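Proteins get letters first, then strands, A, B, ... in listed order; numbering begins at 1 in each. Remember, it's a predicted structure, so these values are computed and weren't measured experimentally.
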Amino acid sequence: MCGRFAMSVSELEILQEFGIEGEIPDFQPRFNIAPGQKVLTIIHDGNTKRIGYLKWGLVPSWAKDTKIGYKIINARSESAHEKPSFKKLLASKRCLILADSFYEWKKQESSKQPKRIYLKNRKVFAFAGLWDKWQLDDQQLFTCTILTRKANNFMGKIHERMPVILPKEKQDDWITPIKREPSYMHDFIENLQIEELDAYNVSDIVNSAKNDCKECIEPLLN
DNA sequence: CCAGACGTTGTT
DNA sequence: GTCTGG
DNA sequence: CCAGACGTTGTT
DNA sequence: GTCTGG
């Protein structure tokens, strides 16, 4: 699963890495992003690639209220193409969710050790995400969820599952403004090459989402 | 047909 | 135990 | 994901 | 909105 991550690189690095023009409103590096918070994302609206924020935790357009969002922070990529809640989003509401690392808590006998996982090349990357727009009267809400898959060999040492990370050369493909068959997107994900990952232990200061500070991403000594 | 769920992870 | 907040 | 709250009525 | 269960 993926329930916490970081996006601590500079604005300039993001603009360059994802080929975006202009600037990012309210930009700030984040060290401890939790469900329910805004996350930096890129979509293609048919004309241009747009960078902006979505709230993490999917609230489908049909939801009667927004409470469901707290639960749908991930979507299983193995079955998303046949689930009523995700099928249509997979066809036409795909987004990049920007990150430079994510956290997993490895279970020990009686405790949990938080770990920071990042690309071996240490670059900023993109999770494969789905988004939706929810509306009721004059309220509207744009939300997203992170697709997951079975852990690869490396991640398996830490956790059963892992987020879907898009290799750089597949990012534009993922957000192409063309409607795709859900099963096509399922195969697309299944055939992705999983990036080389690395990990280190971090302080349990990261446990509390109130601590959005640099110490969260620093290697734990001893 | 209508009613009711629609999700994930981890744990039991 | 379950829900909310971060 | 984890942490922390979770309730009412009446009185101050 | 769309799918499943009855």
A/Trp105 six-ring centre to A/Lys112 NZ/CZ under 6.0 Å and within 45° of normal
no
Run the side-chain hydrogen bond (donor to acceptor under 3.5 Å, both in side chains) test against A/Tyr200 and tell me which residues pass, sequence neighbours left out.
A/Arg116
N/O donor-acceptor pair under 3.5 Å between A/Asn152 side chain and A/Met155 backbone:
yes
Looking only at atom P, what distance separates D/dC2 and B/dT12, rounded to whole Å?
14 Å
Ring centroids only, cut at 6.0 angstrom: are A/Phe127 and A/Phe5 within range, meaning strictly under it?
yes
Quick check: closest heavy atoms across A/Asp212 and A/Arg30, and the distance to 0.1 Å?
OD2-NE, 2.5 Å
Donor-acceptor pair, distance only, cut-off 3.5 Å: does the side chain of A/Glu17 make one with the backbone of A/Ile14?
no
Does the cation-pi check pass for A/Lys214 over A/Phe31, that is, NZ or CZ under 6.0 Å from the six-membered ring centre and within 45° of its axis?
no
Over all strands shown, is A/Ala63 touching base, sugar-phosphate only, or nothing at heavy-atom distances under 4.0 angstrom?
nothing
Say whether, by atom type as modelled, one donor and one acceptor occur between the side chain of A/Asp45 and the main chain of A/Asn47 under 3.5 angstrom.
yes
Can you tell me how far P of B/dT8 sits from CD1 of A/Ile73, to the nearest Å?
11 Å
Touch check for A/Trp62, heavy atoms < 4.0 angstrom, all strands: base, sugar-phosphate only, or nothing?
base
Whole angstrom is fine here: how far is it from NZ in A/Lys64 over to C1' in B/dA3?
11 Å
Once you round it to whole Å, what is the distance between P of B/dT8 and CG of A/Leu147?
10 Å
Test item: A/Thr145 side-chain N/O and A/Asn74 main-chain N/O as donor-acceptor pair under 3.5 Å
yes
Is it true that A/Asp100 and A/Ser8 share a donor-acceptor pair across their side chains at a distance under 3.5 Å?
yes
Taking B/dT9, B/dC6, D/dC2 as options, the one with an atom nearest any side-chain atom of A/Asn74 is B/dT9
Figure out the NE2/P separation between A/His159 and B/dT9, and round it to whole Å.
8 Å
Rounded to whole Å, how long is the line connecting atom CD of A/Gln108 with atom C1' of B/dG10?
17 Å
Gap in Å between the two C1' atoms, one belonging to B/dG4 and one to D/dG7, rounded:
31 Å
Would you mind reading off the distance between A/Asn32 atom CG and D/dC1 atom C1', rounded to a whole angstrom?
9 Å
Which letter, B, S or -, goes with each nucleotide of nucleotides 1-6 of chain C from 5' to 3', with contact meaning a protein heavy atom under 4.0 Å?
---SBB
Work out how far the P atom of B/dT8 is from that of E/dG5, and round it to whole angstrom.
16 Å
Symbol by symbol from the 5' end, with Watson-Crick or G-U pairs under 3.5 Å, [ ] crossing and | another strand, DNA chain C is ||||||
Touch check for A/Thr145, heavy atoms < 4.0 angstrom, all strands: base, sugar-phosphate only, or nothing?
nothing
Between C1' of D/dC1 and CD1 of A/Ile205, the distance in whole Å:
16 Å
If I pick the P atom on C/dG6 and the same atom on B/dC6, what distance separates them, to the nearest angstrom?
28 Å
Selection from B/dT9, D/dC1, B/dG10 that lies nearest to any side-chain heavy atom of A/Arg76
B/dT9
Rounded to whole Å, the CG-P distance (A/Leu58 to B/dA5) equals 19 Å
